[in-house]
Amino acid sequence: MLFRFAYRGLTEVAPRLNYKALRLWVWKGLFALRAYKKRLKNEELFPPFLFFALTDACNLRCRGCWISSGGPPESLPWETVDRAIREAAKQGVYFHTLLGGEPLLYPDIWKIVESHPECYFQIITNGYYLDEATVARIRRLGNVSPLLSIDGMEAENDARRGAGAYAAAIEAAKRLQKAKILYGVAAVITGQNEQEVLTEEYVRRFIDLGAMYLWYYVFRPTGPDPSPELCLSREKMAEVRKRLLVLRKKMPIILIDTYWDAVGKAVCPAAKGLGFHIGPKGSIEPCPPLSVAREFLDDNLGDLFRTINESDFLRRFQQFVSKRFEDKTGEGCVILEHPEALARFFREQGVEDLSNRDLLGELEAKQEQPSHSSIEPIPEDFWLYRFLKKTLFFGMGGYG
């Protein structure tokens with residue numbers, strides 16, 4: 001598998017793009033994680049990477065999506081994003097995920113990328129706006145890796161994302177492959193598609209389309225159409241873990257999960273302080289589905305380290321998660337397992353609800369569902385993935 005993957009990387013991705021990814025994403029990521037661990041020892045809070053929800057504008061209305069527009073689309077001012085990225089660089093943070101909504105609807109997205117050539121950006125997109133000109137621009141810039149959202153083959157994907165979404169994403173994948181761009185595919189695992197998206201045939205489909213990594217997420221019922229029937233059962237969660245381990249040893253593509261560490265212990269990235277979510281109103285949120293905050297990017301005259309490090313709310317959120325899972329093997333998802341207690345915690349903290357809905361009311365009305373902490377630990381049994389999970393922060397920054 002490893003030799004086949006290396007051969008794919010050398011022949012299917014442009015050499016300049018490989019170099020930029022290795023230098024800006026992998027090499028700088030090592031130092032970002034080292035700085036993060038040093039901050040932990042000093043009891044300082046600041047993540048090794050950030051998520052920027054640039055806008056809540058989107059051309060799709062996916063089932064279970066937490067994005068809701070309260071009227072005209074909200075978007076982060078370009079100057080605010082630029083300042084936050086520069087502030088993060090002071091802490092050795094150079095990797096950022098740009099999402100939305102649909103981030104390619106944000107008018108200044110390329111200004112962000114062009115203004116920070118020493119940063120590396122992952123752009124999560126549905127693929128509709130990856131036309132020839134945009135793909136050529138990505139190749140020219142070199143410090144961008146698109147992550148295409150595809151949740152199964154056509155029938156399964158379009159049942160969640162809407163008719164035509166699969167075809168648009170596949171056309172985008174073909175353009176990215178032709179341009180030899182390093183890109184990945186994001187697949188949300190649901191109770192309806194888990195058999196399909198964790199098969200060799202599914203993974204092979206995207207290997208054949210030139211994808212170099214496949215990032216799996218577990219479905220969480222949120223937003224105006226939460227669709228709880230798409231949640232995974234405890235038995236299916238265990239099957240997801242087992243299937244991932246089998247596929248990793250066979251398929252020449254990096255398969256990423258955001259839920260288990262090298263020894264199979266459940267992980268909550270937000271509780272570890274691994275990555276916070278910046279909402280389109282400038283709010284600093286625990287994770288993307290939880291659109292609540294007490295701090296904003298403009299606080300403390302834009303001093304991002306001070307704002308995050310001194311956040312009583314973010315620190316108490318970490319404590320809340322740890323306490324809720326103290327009898328479990330690791331920290332799972334409080335959205336799934338403890339929604340009512342989570343809503344109560346938010347009310348006690350006096351957070352601002354930025355969801356354009358009644359997020360706390362939704363949490364109080366949810367039924368508890370199993371998350372990735374509800375199964376017994378199953379350690380990584382392939383040395384490469386043990387190394388990656390211990391050395392890099394991949395797999396530890398789940399969102400969505």
Side-chain angles (χ1 to χ4, degrees), residues 50-78 80-81 85 96-114 121-138 141 143-152 154 157-176 181 183-188 211 215 217 219-220 222-227 275 277-283 285 287-291 354-357 398-400:
L50 289 168
F51 305 110
F52 289 92
L54 300 176
T55 178
D56 61 13
C58 191
N59 57 310
L60 300 181
R61 295 293 180 268
C62 303
R63 296 172 67 196
C65 180
W66 56 85
I67 298 297
S68 298
S69 179
E74 294 273 0
S75 296
L76 280 166
W78 140 253
T80 302
V81 180
I85 291 173
H96 303 287
T97 295
L98 307 180
L99 62 159
E102 169 51 52
L104 293 180
L105 290 173
Y106 182 75
D108 291 322
I109 188 168
W110 302 118
K111 190 176 179 181
I112 293 171
V113 176
E114 291 167 354
F121 297 93
Q122 184 183 61
I123 297 178
I124 303 180
T125 174
N126 56 43
Y128 273 86
Y129 302 98
L130 282 172
D131 54 24
E132 295 286 353
T134 301
V135 169
R137 189 174 212 162
I138 291 171
L141 290 167
N143 60 334
V144 172
S145 178
L147 186 59
L148 288 174
S149 297
I150 307 175
D151 301 337
E154 187 166 16
N157 180 83
D158 288 5
R160 179 171 182 246
R161 297 187 173 272
Y166 180 82
I170 294 300
E171 285 304 308
K174 291 177 180 178
R175 295 188 192 102
L176 293 168
I181 288 171
Y183 83 96
V185 170
V188 176
W215 207 312
Y217 309 107
F219 178 81
R220 285 172 285 184
T222 53
D225 181 13
S227 304
H277 181 256
I278 311 300
K281 298 177 184 178
S283 48
E285 304 163 357
C287 71
L290 297 177
S291 304
L354 299 144
S355 67
N356 296 315
R357 308 183 313 276
Y399 43 81

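Position 1 is the first residue of the sequence, and the numbers go up from there.
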(request) Could you tell me the separation between the CG atom of Asp56 and the OG atom of Ser75, rounded to the nearest 0.5 Å? (result) 6.5 Å
(request) Can you measure from OG1 (Thr80) to CD1 (Ile85) and round to the nearest 0.5 angstrom? (result) 11.0 Å
(message) Going by the rule side chain to side chain donor-acceptor pair (under 3.5 Å), which residues pair with Ser291 if we only count those two or more places apart in sequence or in a different chain?
(response) none
(message) Under the rule for side chain to side chain donor-acceptor pair (under 3.5 Å), what residues qualify as partners of Ser149, not counting sequence neighbours?
(response) none
(message) Whether the side chain of Ser283 engages the backbone of Glu285 through a donor-acceptor N/O pair (distance < 3.5 Å, no angle test) should be reported.
(response) no
(message) Let me confirm one number: the SG-CG distance from Cys58 to Leu99, rounded to the nearest 0.5 Å.
(response) 10.5 Å
(request) Please name the pair of heavy atoms, one in Tyr217 and one in Ala186, separated by the smallest distance, quoted to 0.1 Å. (result) CE1-CB, 3.5 Å
(message) Using the side-chain contact (heavy atoms from CB on, under 4.5 Å) criterion, which residues pair with Ala169? Sequence neighbours excluded.
(response) Ile150
(request) Go through the structure and list residues passing side-chain contact (heavy atoms from CB on, under 4.5 Å) with Asn59, not counting sequence neighbours. (result) Glu102, Asn126, Tyr128, Tyr129
(request) Of all the heavy-atom pairs spanning Ser145 and Gly184, show the shortest one and how long it is. (result) OG-N, 4.4 Å
(message) If you compare all heavy atoms of Ile181 against all heavy atoms of Ile138, which two are closest, and at what distance to 0.1 Å?
(response) CD1-CG2, 3.8 Å
(request) For Asp151 and Asn157, indicate whether the former's side chain and the latter's backbone hold a donor-acceptor pair under 3.5 Å. (result) no
(message) So, using side chain to side chain donor-acceptor pair (under 3.5 Å) as the criterion, who are the partners of Asp225 when residues are at least two apart?
(response) Ser227
(message) Once you measure the plane-to-plane angle for Phe51 and His277, does it fall in the parallel (<30°), tilted (30-60°) or perpendicular (>60°) bin?
(response) tilted
(request) Determine yes or no for a side-chain-to-main-chain donor-acceptor pair under 3.5 angstrom, with Thr222 supplying the side chain and Gly64 the backbone. (result) yes
(message) To the nearest 0.5 Å, what is the distance between CZ on Phe121 and CG on Leu98?
(response) 6.0 Å
(request) Output the distance between atom CZ (Arg220) and atom CG (Leu290), rounded to the nearest 0.5 Å. (result) 7.5 Å
(request) Measure the spacing between CZ of Arg161 and SG of Cys62 and express it to the nearest 0.5 Å. (result) 4.0 Å
Please list every donor-acceptor pair under 3.5 Å in which a side-chain atom of residues 103-111 meets a protein atom from a residue at least two apart or in another chain.
unit_1: Tyr106; atom_1: OH; unit_2: Leu76; atom_2: O; d: 2.6
unit_1: Tyr106; atom_1: OH; unit_2: Trp78; atom_2: N; d: 3.3

(message) If you compare all heavy atoms of Ala172 against all heavy atoms of Leu148, which two are closest, and at what distance to 0.1 Å?
(response) CB-CD2, 4.1 Å
(message) In the structure I gave you, are the side-chain heavy atoms of Leu54 and Ile112 within less than 4.5 Å of one another anywhere?
(response) yes
(message) Quick check against the 3.5 Å criterion: does Arg175 have a side-chain atom that pairs as donor or acceptor with the backbone of Leu130?
(response) yes
(request) For Glu171, check salt bridge (Lys or Arg N to Asp or Glu O under 4.0 Å) against everything at least two apart and list the hits. (result) Lys174
(request) Sequence neighbours left out, what passes side chain to side chain donor-acceptor pair (under 3.5 Å) with Arg61? Give chain and number order. (result) none
(request) Indicate the atoms forming the closest heavy-atom contact of Phe219 with Arg63, along with that distance. (result) CE1-O, 3.8 Å
